[in-house]
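A, B, ... follow the sequence lines: proteins, then strands. Residue 1 opens every chain.
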Amino acid sequence: MEEGSFRSSIPTYVDKSKVLDVKPLRTLKPLFVSSAQAPPLFSSSPSGPFPSGFTPFYPFSMNGESPGKNQRGGMASDKMDVDGANGNAGSSRKRGAGKQKKAARKSVGSRNAGVSFTVNGGANFIARCTPFNKEDGDREMVEYVLMTFDAVRRRLSQVEEAREAPNGSIKRPDLKAGNVLMSKGVRTNMRKRIGATPGVEIGDIFFFRFEILVVGLHGQSMGGIDTLITKGGKGDDSLAISIVSSGYYDDDTEDKDVLIYSGQGGNPISKEKEASDQKLEKGNLALERSLHQANEVRVIRGMKDPMNSSVKIYVYDGLYTIKESWLEKGKSGCSVFKYKLVRLPGQRSAFADWNSIQKWKAGLSSPAGLISQDISSGAEKITVALVNDVDGREAPSYFTYSTVLRYSRSIRLTNPSVCNCHKACQPGDLNCSCIRNNGGDFPYASSGVLVSQKPLVHECSPTCPCFPTCKNRVSQSGLKLKMEVYKTTDKGWALRSWDPIRAGSFICEYAGEVVDSPSGLQGIGQEDDYIFDTSRVLGQSYKWNYEPSLLNEEIPDESTENDNIPALVISAKNVGNVARFMNHSCNPNVFWQLIQYEQNRDSFLHVAFFAKKHIPPLTELTYDYGISQFETHRRRNCLCGSEKCRGFFG
DNA sequence: GGACTCTCAAGATC
DNA sequence: CGATCTTGAGAGTC
């Protein structure tokens with residue numbers, strides 16, 4: 001820690017001649033891949049359809065359900081079959097369009113005719129949840145289950161918020177989504193175990209109790225103590241295997257490695273019933289037995305979301321053991337069991353980081369290697385830190401910080417449209433033309449998260465009469481997260497957030513200068529490492545949107561709209577915002593989404609980044625740069641290090 | 001804006 | 001199979 005030793009060299013006034021030209025990603029050598037080796041390219045038309053969001057992702061085996069399409073063979077065959085998945089999904093969607101509008105429920109079954117299911121006769125993608133990986137998971141399965149949960153939950157929120165009379169409706173989309181996943185068997189790590197949960201990493205964050213349940217980290221939907229029956233007999237022979245410290249009880253969570261956890265029970269059940277003494281039974285008894293057994297106990301710490309105090313975030317803080325227990329008088333005057341849990345040494349930090357970040361934000365301390373408090377020089381509403389803890393005080397190469405996308409000339413994309421709402425646009429209000437432009441669905445849930453990826457999201461424009469607080473302006477509100485541009489050991493500069501990020505949250509726009517002539521792109525990409533190009537094709541498709549069949553919905557027909565979206569190419573070499581520091585990954589945690597809104601009587605395209613999954617603080621933000629369609633384009637070696645790394649990008 | 005109350009929920013267990 | 005237990009999350013209130 002070299003606290004307080006910086007506070008200089010804001011890049012806008014550093015001596016350009018002395019600054020090394022640091023690329024966002026280190027370029028090793030040009031890489032040319034023959035077509036036989038190249039990964040499958042999807043929908044190569046520059047006008048779309050949108051390359052990333054619409055081809056269903058099959059991360060796991062189809063178990064021979066797409067015969068003849070699986071061309072990888074060997075080990076790969078039971079992992080991923082992107083070719084087959086795309087072939088199937090693409091054709092079935094086209095067939096489904098128009099014909100099956102009415103038979104929503106039926107169509108799901110008939111579309112899948114001939115496919116054998118392993119679970120509840122649901123959609124074929126559920127077949128990936130095999131008895132094997134439902135019992136014991138891995139990272140891929142955990143991420144898949146979490147992504148499915150949140151996609152379903154977002155959709156249920158969207159449907160719910162559009163409803164006029166919320167009587168008998170889904171008030172708890174999280175519980176409903178949990179129920180859908182449980183009943184369809186979309187879950188993992190169902191086998192209870194002592195110690196680590198395969199695929200769940202220390203530091204992982206969760207926004208709902210059900211998320212923790214469906215990945216098998218903690219097997220109680222509400223209760224704070226989960227137990228494992230050790231001998232075939234009574235419940236008495238149980239050990240505590242995981243606990244959630246949520247704030248409901250008076251736990252002491254001050255120390256980053258020690259947790260004083262309260263036993264369960266004794267709370268007043270209703271207004272009439274008084275608090276009572278806790279008894280040495282159930283979870284309390286299991287904790288007591290675990291004290292003597294000294295077995296590992298998983299600890300999940302709940303805390304307020306620094307972004308939104310009404311939201312609670314759960315952080316998996318790794319394994320602890322119980323060292324002591326005692327009985328004391330609680331605030332109500334009744335006896336409460338207390339357990340002292342101590343974190344096992346040698347685990348990567350998780351909860352401790354949250355404490356550090358709080359101090360940084362409060363100005364009580366600084367991260368090691370802080371060079372600048374704000375590389376945006378005040379352009380952003382929230383400061384953007386610059387940190388180099390790797391090689392001294394070197395700063396990124398010179399550029400002009402801009403929060404907006406600069407168009408050199410106006411491009412009329414569609415007829416500009418403004419809505420006629422005079423407060424905030426209301427989900428479900430089909431009189432609102434902005435909502436109609438989005439196909440009738442409000443693109444964002446009330447929490448501000450994007451519900452589904454689409455070819456194009458139509459936001460309300462600055463000229464719409466609705467309030468600036470209208471929820472349909474998410475990408476126009478600027479940075480909300482506390483960002484940090486930081487130096488990595490091997491990938492140049494990178495971007496991360498001090499705040500936790502919920503899946504679907506808006507992160508930032510890709511600011512820069514629009515490159516006018518798409519025909520001239522071939523040359524531009526050669527020299528400019530800060531090009532963003534919507535016509536690049538993503539090397540790996542994935543499914544972010546909810547699976548309609550899980551909710552007995554028909555597959556929406558997106559094929560007719562947005563066929564004429566032109567390619568958008570942006571250079572952030574000279575002008576840009578934090579987005580220019582985001583590196584490529586083949587397994588990214590961020591994706592981009594085209595947004596359109598009206599400005600000065602013309603409609604303009606924007607590129608907005610959203611969180612693909614929940615992102616813990618200080619995790620590098622990455623997106624898939626995609627692959628240029630120009631064969632002469634210079635490709636670069638990928639250093640993302642993910643298991644499914646395709647080896648190159650660009 | 002935040003602390004509080006109210007309401008309606010879920011799975012596990014017995 | 002249903003009652004009981006154990007709180008979570010969102011909305012509404014002051």
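Both tests pass for A/Arg154 against the ring of A/Trp544: distance under 6.0 Å to the centre and angle within 45° of the axis.
Aromatic rings from A/His458 and A/Tyr597 are positioned such that their centres are separated by 6.0 Å or more.
Protein atom NE2 of A/His218 is 11 Å distant from nucleotide atom P of B/dA12, rounded to whole Å. Between A/Ile212 atom CD1 and B/dA10 atom P there is a gap of 18 Å when expressed in whole angstrom units. We find that NZ of A/Lys282 is positioned 18 Å from P of B/dG11, with the value rounded to whole Å. In this structure, A/Glu281 places its CD atom 15 Å from P of B/dT13, rounding to the nearest Å. If you take CD of A/Glu160 and P of B/dC8, they are 14 Å apart, rounded to a whole angstrom. In this structure, A/Gln220 atom CD and B/dT13 atom C1' are separated by 9 Å, rounded to whole Å. In this structure, CG of A/Asp226 is placed 12 Å from C1' of C/dT6, rounded to the nearest angstrom. Rounding to whole angstrom units, CE of residue A/Met307 and P of B/dG1 are separated by 13 Å.
Salt bridge status for A/Lys338 with A/Glu324: absent, with no side-chain N to carboxylate O gap under 4.0 Å. Salt bridge status for A/Asp174 with A/Arg209: absent, with no side-chain N to carboxylate O gap under 4.0 Å. Under a 4.0 Å N-O distance rule, the pair A/Lys192/A/Asp226 qualifies as a salt bridge.
Considering only the side chain of A/Leu213, B/dG11 comes nearest among B/dG11, B/dT13, C/dT6.
A/Tyr546 and A/Glu553 share a side-chain donor-acceptor pair at under 3.5 Å. No side-chain donor-acceptor contact under 3.5 Å links A/Thr403 and A/Glu380.
Within the 4.0 angstrom heavy-atom criterion, only backbone atoms of the sugar-phosphate kind lie near A/Gly224; the bases stay farther away. Here A/Asn179 lies in heavy-atom contact (under 4.0 Å) with sugar-phosphate atoms only.
A sub-4.0 Å separation between OP1 or OP2 of B/dA3 and a side-chain N or O of A/Lys304 is present.
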Protein and nucleotides 8-11 of chain C: nitrogen or oxygen contacts under 3.5 angstrom:
| from | atom 1 | to | atom 2 | distance (Å) |
| --- | --- | --- | --- | --- |
| C/dG8 | OP1 | A/Arg209 | NH1 | 3.0 |
| C/dG8 | OP1 | A/Ser246 | OG | 3.0 |
| C/dG8 | OP2 | A/Ser246 | OG | 3.4 |
| C/dG8 | N2 | A/Arg172 | NH1 | 2.3 |
| C/dG8 | N3 | A/Arg172 | NH1 | 2.7 |
| C/dA9 | OP1 | A/Arg209 | N | 3.1 |
| C/dA9 | OP2 | A/Tyr314 | OH | 2.6 |
| C/dA9 | O4' | A/Arg172 | NE | 3.3 |
| C/dA9 | O4' | A/Arg172 | NH1 | 3.3 |
| C/dA9 | O4' | A/Arg172 | NH2 | 2.9 |

